[in-house]
Amino acid sequence: MVLSRVAVVPVCRRLLSHRHVSTLRSNPYIKVFPNAAPNSGYLLTYLETNPPTPRLAIGGSTQLPPTPQSFTENHEFLSILNDVLRDYAAQDPNLQSQAQAFAGPGGVTLGSHGAFFPQQRKQQVTRKTAAGIGGGGGAGGSGAGGASAQGGAGGAGVGGHVHLSDLRNPPDFGRIAFPEDILGSIEVDGNGKIIGQFEPSGTYRIITNEGILGLSDFLREKLIEKLKVEEKGSY
């Protein structure tokens, strides 16, 4: 009897650790653990393990729902996110579809995830976006966006870059996302084929007034897989 109890207890504890996990109302994939953050606030994470691993959490918030003012970003999580995007962004079906879109007849602007920029204009447009000038509604911009972000001709056989943007605030058709919503960009050739490696934008914010981190199903699953591997390595 004693031996059977010893064998059962660890299993029970493991099952209990996954029960009654709250989630964000605005994003049910994100778990909420009260009193787990360093400031005794809420720890936000993709993982269900209780107690959570702070270094793998998205960040902490002093209130729910989290706001840009109440939220503290976990820089280690952001680093893991960028590593996952470098490895898998090129395989994301949504981004692949948009990379193909500009190469179609007449060309289109990539409105749901980002916009295509011809090579010779990328540097100029990037500077304007960073400065908030004509950045398709970026901070301080007019909302009009540059000519390459308003429709017009597609790739026309010229390579360029496609933005990968957060799904919390999809830009209107023919516009690019706000700088804080752009996760990064990736190079595309004139035929709409992704040929480069994902490059973080440096302007992305995990939470804005529009919501918190929103990834495609494919990228979210890859991120959670990576976090689970990291979590196992922590024990």
Side-chain angles (χ1 to χ4, degrees), residues 3 5-24 26-62 64-66 68 70-96 164-168 180-186 194 196-208 211-235:
L3 290 177
R5 287 178 181 174
V6 171
V8 170
V9 168
V11 176
C12 293
R13 286 177 178 170
R14 185 161 56 248
L15 291 174
L16 288 172
S17 70
H18 291 279
R19 292 179 182 175
H20 309 301
V21 177
S22 300
T23 61
L24 281 182
S26 61
N27 189 329
Y29 299 104
I30 297 178
K31 315 303 186 294
V32 178
F33 290 91
N35 303 315
N39 58 1
S40 297
Y42 301 91
L43 201 68
L44 310 179
T45 177
Y46 274 117
L47 302 176
E48 296 183 352
T49 306
N50 189 7
T53 305
R55 77 175 188 86
L56 301 177
I58 300 169
S61 179
T62 57
L64 292 180
S70 71
F71 179 77
T72 301
E73 178 182 283
N74 177 13
H75 298 296
E76 187 166 355
F77 170 84
L78 189 58
S79 177
I80 293 173
L81 171 61
N82 284 330
D83 286 343
V84 169
L85 295 179
R86 287 189 186 95
D87 290 340
Y88 296 105
Q91 300 175 37
D92 180 35
N94 290 346
L95 195 61
Q96 289 178 342
L164 175 66
S165 302
D166 196 297
L167 297 178
R168 65 189 167 212
E180 61 266 30
D181 292 327
I182 298 176
L183 289 149
S185 60
I186 197 164
I194 295 175
Q197 185 181 49
F198 174 84
E199 301 173 4
S201 67
T203 61
Y204 178 72
R205 296 294 177 264
I206 288 177
I207 188 169
T208 69
I212 193 168
L213 180 62
L215 300 174
S216 68
D217 291 342
F218 173 79
L219 292 176
R220 184 183 63 254
E221 289 168 4
K222 292 299 182 183
L223 174 59
I224 292 175
E225 287 176 7
K226 175 66 173 177
L227 291 171
K228 287 182 176 178
V229 170
E230 291 287 329
E231 185 179 51
K232 287 182 180 179
S234 300
Y235 296 109

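It should be emphasised that the depicted structure is a prediction, and the values quoted were computed from it without experimental measurement. All residue numbers refer to positions in the sequence shown, counting from 1.
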Seminar exercise, completed: OH of Y204 to CG of N82, rounded to nearest 0.5 Å, is 10.0 Å

For this session: Test side chain to side chain contact (heavy atoms under 4.5 Å, CB included) on D87 and F198 and set out the steps.
Result: CA-CA 8 Å; D87 290 340; F198 174 84; over 6 Å; no

For this session: Over all heavy atoms of both residues, which pair between S165 and I182 is shortest? Give the atoms and the distance, please.
Result: OG-CG1, 3.9 Å

For this session: Check whether any side-chain heavy atom of F33 sits under 4.5 Å from a side-chain heavy atom of T49, and report yes or no.
Result: no

Problem set entry | For the student: nearest non-hydrogen atoms of E180 and R168, plus distance | O-NH2, 3.0 Å

Exercise. Please walk me through it: do L56 and F77 pass side chain to side chain contact (heavy atoms under 4.5 Å, CB included)?
Worked result: CA-CA 6 Å; L56 301 177; F77 170 84; over 6 Å; no

Seminar exercise, completed: Value for CG (L44) from CD1 (I58), rounded to nearest 0.5 Å, stands at 6.0 Å

Exercise. Would a distance-only check, ignoring hydrogens and angles, find a side-chain to backbone donor-acceptor pair under 3.5 Å from N74 to G60?
Worked result: no

Exercise. Do I80 and L223 come within less than 4.5 Å of each other through their side chains, counting heavy atoms only?
Worked result: yes

For this session: Could you grab the distance from atom OG of S201 to atom CG of L85, nearest 0.5 Å is fine?
Result: 10.0 Å

Exercise. Hey, what do you get for CD (E73) to CG (L213), rounding to the nearest 0.5 Å?
Worked result: 10.0 Å

Exercise. Which heavy atom of L219 sits nearest a heavy atom of L164, and at what distance?
Worked result: CD1-CD2, 4.0 Å

Exercise. Can any side-chain N or O of Q96 pair as donor or acceptor with the backbone N or O of A90 at less than 3.5 Å?
Worked result: yes

Exercise. Looking only at heavy atoms, what is the nearest atom pair of P66 and L24, with distance?
Worked result: CD-CD2, 3.7 Å

For this session: Look up atom CG in L183 and atom CG in L78, then write down how far apart they are to the nearest 0.5 Å.
Result: 9.0 Å

For this session: Of all the heavy-atom pairs spanning S40 and N35, show the shortest one and how long it is.
Result: O-OD1, 3.3 Å

Problem set entry | Test item: R86 side-chain N/O and P200 main-chain N/O as donor-acceptor pair under 3.5 Å | no

Problem set entry | Within-4.5 Å side-chain heavy-atom neighbours: T53 and L47 | no

Exercise. For residues N94 and S216, is any side-chain donor paired with an opposing acceptor at under 3.5 Å?
Worked result: no

Exercise. Can you tell me if T62 and S70 form a side-chain donor-acceptor pair at under 3.5 Å?
Worked result: no

Problem set entry | Note, F218 side chain near P93 side chain (heavy atom, < 4.5 Å) | yes

Exercise. Roughly how far apart are F71 CZ and I207 CD1, rounded to 0.5 Å?
Worked result: 6.0 Å

